[in-house]
Engineer: 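Quick one: the structure is below, questions incoming.
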Amino acid sequence: MNRKTLVLPAVAGLLTPVLAACGTSDSGSNSGDAIVVGTTDRFTATADAPAPLDPAYAYDVGTWNVLRQTVQTLMAQPKGEGDPIPDAAESCTFTDSGSERYACKLREGLKFASGDPVTAADVKFSIERALRIDADSGVAALLNTIDTIETQGDREVVFHLKTADATFPYKLSTPVAGIVNPKDYQKDKLRDGFDVDGSGPYTFKADVKGDAIASATFTKNPSYKGSVTVNNDEVVLRAYDNADAMGTAIDKGDVDVMTRTMSPAQIQKLDGGSSDSVDLVDMPGLEIRYLAFNTTASTVKSKAVRQAMAQIINRGELVAKVYGTQAEPLYSLVPATVTGHSNSFFNKYGNPSVDKAKNLLGKAGITTPVKLTLHYTTDHYGSATKQEFQVLQKQLNSSGLFDVSIKGHPWATFRPAEQKGQYDVYGMGWFPDFPDADNFLAPFLDKDNFLGSPYSNTTIQRSLIPQSRREADRIGASNSLTEIQDIVAEDVPVLPLWQGKQYVGARNDITGVAYALNSSSTLQLWELGRGVSG
């Protein structure tokens, strides 16, 4: 069976690697042809989103995976899992006991790929730029605990925070904190198009057809100084319309590696040993899927309607019919493997029950059947999304309490429409910015949240989130985190559905595949190399 499984045991709620990278060599190869990686991610510039690759705007896993290769951050998530480590920085640390002052010192001799030196002033410029622009993608909210940024000479940066934030080192590892050159990026305007410049492991060149990237070439940056070792000279990321086209390409040898998103059928086929030349590597993942609600919309404004949906939806059936062993039912926004997780939705609603849902709607005086449209994206979360929504539609309609229709949209129009509140109920996925429970809660519930949701709970925003961030030991934050999850289960501004694994398909002469993705679905192209087929 051509399958390799990366087993990462949970330690204190995070995951620690215990298996070396797959392949015949630890270091891969710095010679030979470019490694070609296939993806179904779409990189599109539109009137609503003309600057998809600007660090001050980008906020989805696909664009972030471009930026992580090219735009360097002070901190970085490590090769396996655990606390973030210095990258552009030589060192970073809290300098007070209250987690409100964070100081970093840049590596000596750090340069942009252009040859210009990277200075503390560039760090200050880049992060203040993201905060100033405050793009409607919501990504700047990751930096909202920053009060002021101070520089001391060319190499020292000090962040003064508004409130304690033990998760701040993680936030400095995300692309919104990427360091850009003021010569290439205006301080108060996004950089339209597909140009990216930085001091990361690779330089970047896009082959654009129409308004989208057809392929992108990542070339090893000889000026890079940081925490990773680059095991190849060049990687080409090639975009495919669907998983079947990507699968055909790897079978023909046109692609060496295929990543997100493979179809459940492809995964099952490779898992069964269908190919002698392509290996399937599965690894832990923290991807979640959920329904989100415009809580001011007339159809779902009543909490009882949202609670009734939570009472009816059968996660186990949904996962079994669509994803099989590739996903697990999820009863909270926080995945089961992350410290602070609580099964709040199961604790409140138990097993699916039409009778209980009918009672909820009756007590609230809701006339049934409740007519709703569930919206989903056709090209962002994989080919099984439509089937998933067909199952949800059938479950809700079979209850007799709902009259649900479903409608799919391409991501380029789906995301702006969702942000503008044009959908009452819609399906979303979340790939964490960093593997901490805070990042599965605050982006959806805090002020200026990622969804643009009108839902607001002052206890969560003013008390529980700040309280949880004061705990440097994340186990100590569990009580606050559990209370947040219980409130979400009661109010249902979002409805978690499932947690997924992640998979990579690779031709068997490619090394480093086990670390091509970390649990946050960060693409780590530098890990890939060429070895000996076998």
Engineer: Just verifying a value: how many Å separate F159 CZ and T145 OG1, rounded to the nearest 0.5 Å?
Structural biologist: 10.5 Å

Engineer: For a quick test of reading the model, state the closest non-hydrogen atom pair linking P182 to D122 and the distance between them.
Structural biologist: CD-OD1, 3.3 Å

Engineer: Distance alone, cut at 3.5 Å: any donor-acceptor contact between the side chains of W498 and E287?
Structural biologist: no

Engineer: Indicate the ring-plane relationship of W64 and Y59, choosing parallel, tilted or perpendicular according to the 30° and 60° boundaries.
Structural biologist: tilted

Engineer: Do D165 and T167 pair up side chain to side chain, a donor and an acceptor below 3.5 Å, judged on atom types alone?
Structural biologist: yes

Engineer: Do the non-hydrogen side-chain atoms of R155 and E90 ever get within less than 4.5 Å of each other?
Structural biologist: yes

Engineer: Compute whether any side-chain donor of one residue and acceptor of the other, for N231 and Y515, lie under 3.5 angstrom apart.
Structural biologist: no

Engineer: Begin with the C-alpha distance, continue with both residues' side-chain angles, and end with the deciding distance and a verdict on side chain to side chain contact (heavy atoms under 4.5 Å, CB included) for C92 and M75.
Structural biologist: CA-CA 8 Å; C92 286; M75 302 292 287; 3.6 Å; yes

Engineer: If you take all heavy atoms of I133 and A56, which pair is closest and at what distance?
Structural biologist: CD1-CB, 4.2 Å

Engineer: Name the orientation class of the two ring planes belonging to F414 and Y426 (parallel below 30°, tilted from 30 to 60°, perpendicular beyond 60°).
Structural biologist: perpendicular

Engineer: Do the side chains of R530 and D509 get close enough for a salt bridge, i.e. N-O under 4.0 angstrom?
Structural biologist: yes

Engineer: Do side-chain atoms of R129 reach the backbone of Y185 as a donor and acceptor pair under 3.5 angstrom?
Structural biologist: no

Engineer: Step by step, would you call Y202 with W526 a ring pair (Phe, Tyr, Trp, His ring centres under 6.0 Å)?
Structural biologist: CA-CA 9 Å; Y202 296 96; W526 52 83; 7.1 Å; no

Engineer: For E388 and Y376, test the side chains for any donor-to-acceptor distance below 3.5 angstrom and give the result as yes or no.
Structural biologist: no

Engineer: Show every ring-ring contact (aromatic ring centres under 6.0 Å, His included) that has at least one partner inside residues 264-290, sequence neighbours left out.
Structural biologist: Y290-F444

Engineer: Between CG of D54 and CG of D192, what distance do you get to the nearest 0.5 Å?
Structural biologist: 8.5 Å

Engineer: Taking the ring of F450 and the ring of W430, is the distance between their centroids below 6.0 Å?
Structural biologist: yes

Engineer: So how far is it from S126 OG to Q72 CD, rounded to the nearest 0.5 Å?
Structural biologist: 11.5 Å

Engineer: If you take all heavy atoms of L286 and P335, which pair is closest and at what distance?
Structural biologist: O-CG, 4.0 Å

Engineer: For a 4.5 angstrom cut-off between non-hydrogen side-chain atoms, does M262 reach L270?
Structural biologist: yes

Engineer: Taking atom CG of L67 and atom OG1 of T522, what is their separation to the nearest 0.5 Å?
Structural biologist: 11.5 Å

Engineer: Report the relative orientation of the aromatic rings in Y102 and F94; use parallel for angles under 30°, tilted for 30 to 60°, perpendicular for over 60°.
Structural biologist: perpendicular

Engineer: Examine distances only and state if a side-chain atom of N508 and a backbone atom of D279 form a donor-acceptor pair shorter than 3.5 Å.
Structural biologist: no

Engineer: Heavy-atom count check: over 12 atoms from other residues, nucleotides or ligands less than 6.0 Å from K124 NZ?
Structural biologist: yes

Engineer: Have D251 and T248 got a donor and an acceptor in their side chains that come within less than 3.5 Å?
Structural biologist: no

Engineer: Please evaluate residues V37 and V236 with respect to the criterion side chain to side chain contact (heavy atoms under 4.5 Å, CB included), reporting the C-alpha separation (whole Å), side-chain torsions for both, the decisive distance (0.1 Å), and the verdict.
Structural biologist: CA-CA 6 Å; V37 177; V236 175; over 6 Å; no

Engineer: Please find the pair of heavy atoms, one from Y57 and one from P52, that lie closest to each other, and give the distance.
Structural biologist: CD2-CA, 4.1 Å

Engineer: When you check the gap from the basic side-chain N to the acidic O, do D116 and K183 get nearer than 4.0 Å?
Structural biologist: yes

Engineer: Would the distance check show the side chain of K225 and the main-chain N or O of E108 forming a donor-acceptor pair, the cut-off being under 3.5 Å?
Structural biologist: yes

Engineer: Walk me through it: do D197 and N181 pass the test side chain to side chain contact (heavy atoms under 4.5 Å, CB included)?
Structural biologist: CA-CA 8 Å; D197 294 281; N181 193 332; over 6 Å; no

Engineer: Can we say R42 and D241 salt-bridge, meaning some charged N sits less than 4.0 Å from an Asp/Glu carboxylate O?
Structural biologist: yes

Engineer: Rounded to the nearest 0.5 Å, how far apart are CD1 of I85 and CG of L74?
Structural biologist: 13.0 Å

Engineer: Taking all non-hydrogen atoms of both residues, which atom of Y170 and which atom of P84 are closest, and how far apart?
Structural biologist: CE2-CD, 3.5 Å

Engineer: Do the charged groups of R469 and D438 touch, with an N to O distance under 4.0 Å?
Structural biologist: yes

Engineer: Quick one: does L53's side chain get under 4.5 Å of V66's, heavy atoms only?
Structural biologist: yes

Engineer: Any donor and acceptor pair, going by atom type alone, linking the side chain of Q419 with main-chain N or O of G452 inside 3.5 Å?
Structural biologist: no

Engineer: I'd like to know whether D184 forms a side chain to side chain contact (heavy atoms under 4.5 Å, CB included) with R191, so could you lay out the CA-CA distance, the side-chain angles of the two residues, the decisive distance to 0.1 Å, and finally the verdict.
Structural biologist: CA-CA 8 Å; D184 300 318; R191 185 179 184 180; 3.6 Å; yes

Engineer: Got a donor-acceptor contact below 3.5 angstrom from the N232 side chain to the L528 backbone?
Structural biologist: yes

Engineer: Is any side-chain heavy atom of D448 closer than 4.5 Å to a side-chain heavy atom of N144?
Structural biologist: no

Engineer: Distance alone, cut at 3.5 Å: any donor-acceptor contact between the side chains of Q502 and S521?
Structural biologist: yes

Engineer: Is the number of heavy atoms from other residues, nucleotides or ligands within 6.0 Å of CD (Q268) greater than 12?
Structural biologist: no

Engineer: Taking side chain as C-beta onward, heavy atoms only, is D60 less than 4.5 Å from H380?
Structural biologist: yes

Engineer: Are the side chain of T39 and the backbone of R260 linked by a donor-acceptor contact shorter than 3.5 Å?
Structural biologist: yes

Engineer: Has the side chain of N242 got a donor or acceptor atom that lies under 3.5 Å from a matching backbone atom of A245?
Structural biologist: yes

Engineer: Examine the side chains of D379 and T377 and answer whether a donor and an acceptor come within less than 3.5 Å of each other.
Structural biologist: yes

Engineer: Check the side chains of Q152 and E150 for a donor-acceptor pair under 3.5 angstrom, ignoring hydrogens and angles.
Structural biologist: yes

Engineer: Could you tell me which non-hydrogen atom of T40 sits nearest to which non-hydrogen atom of A243, and how far apart they are?
Structural biologist: CG2-N, 3.7 Å

Engineer: So, D87 side chain and S227 main chain: donor-acceptor pair closer than 3.5 Å or not?
Structural biologist: yes

Engineer: Checking the side chain of D256 only, and the main-chain atoms of R507 only, is there a donor and an acceptor separated by less than 3.5 Å?
Structural biologist: no

Engineer: For the residue pair R132 and F125, would you count it as a cation-pi contact if the rule is NZ or CZ under 6.0 angstrom from the ring centre and within 45 degrees of the ring axis?
Structural biologist: no

Engineer: Can you confirm whether K447 is buried at NZ, in the sense that more than 12 heavy atoms of other residues, nucleotides or ligands lie under 6.0 Å from that atom?
Structural biologist: no

Engineer: Would you call Y503 and V281 a side-chain contact if the rule is heavy atoms closer than 4.5 Å?
Structural biologist: no

Engineer: Do T174 and D433 get their side chains close enough for a donor-acceptor pair, meaning under 3.5 Å?
Structural biologist: no

Engineer: Is the closest side-chain heavy-atom distance between V180 and P55 below 4.5 Å?
Structural biologist: yes

Engineer: Is the closest side-chain donor-acceptor distance between N518 and Q77 under 3.5 Å?
Structural biologist: yes

Engineer: Taking the side chain as C-beta and beyond, is there a heavy-atom pair between L172 and I127 under 4.5 Å?
Structural biologist: yes

Engineer: Just verifying a value: how many Å separate T70 OG1 and K205 NZ, rounded to the nearest 0.5 Å?
Structural biologist: 15.5 Å

Engineer: Any sub-3.5 Å donor-acceptor pair from D207's side-chain atoms to A216's backbone N or O?
Structural biologist: no

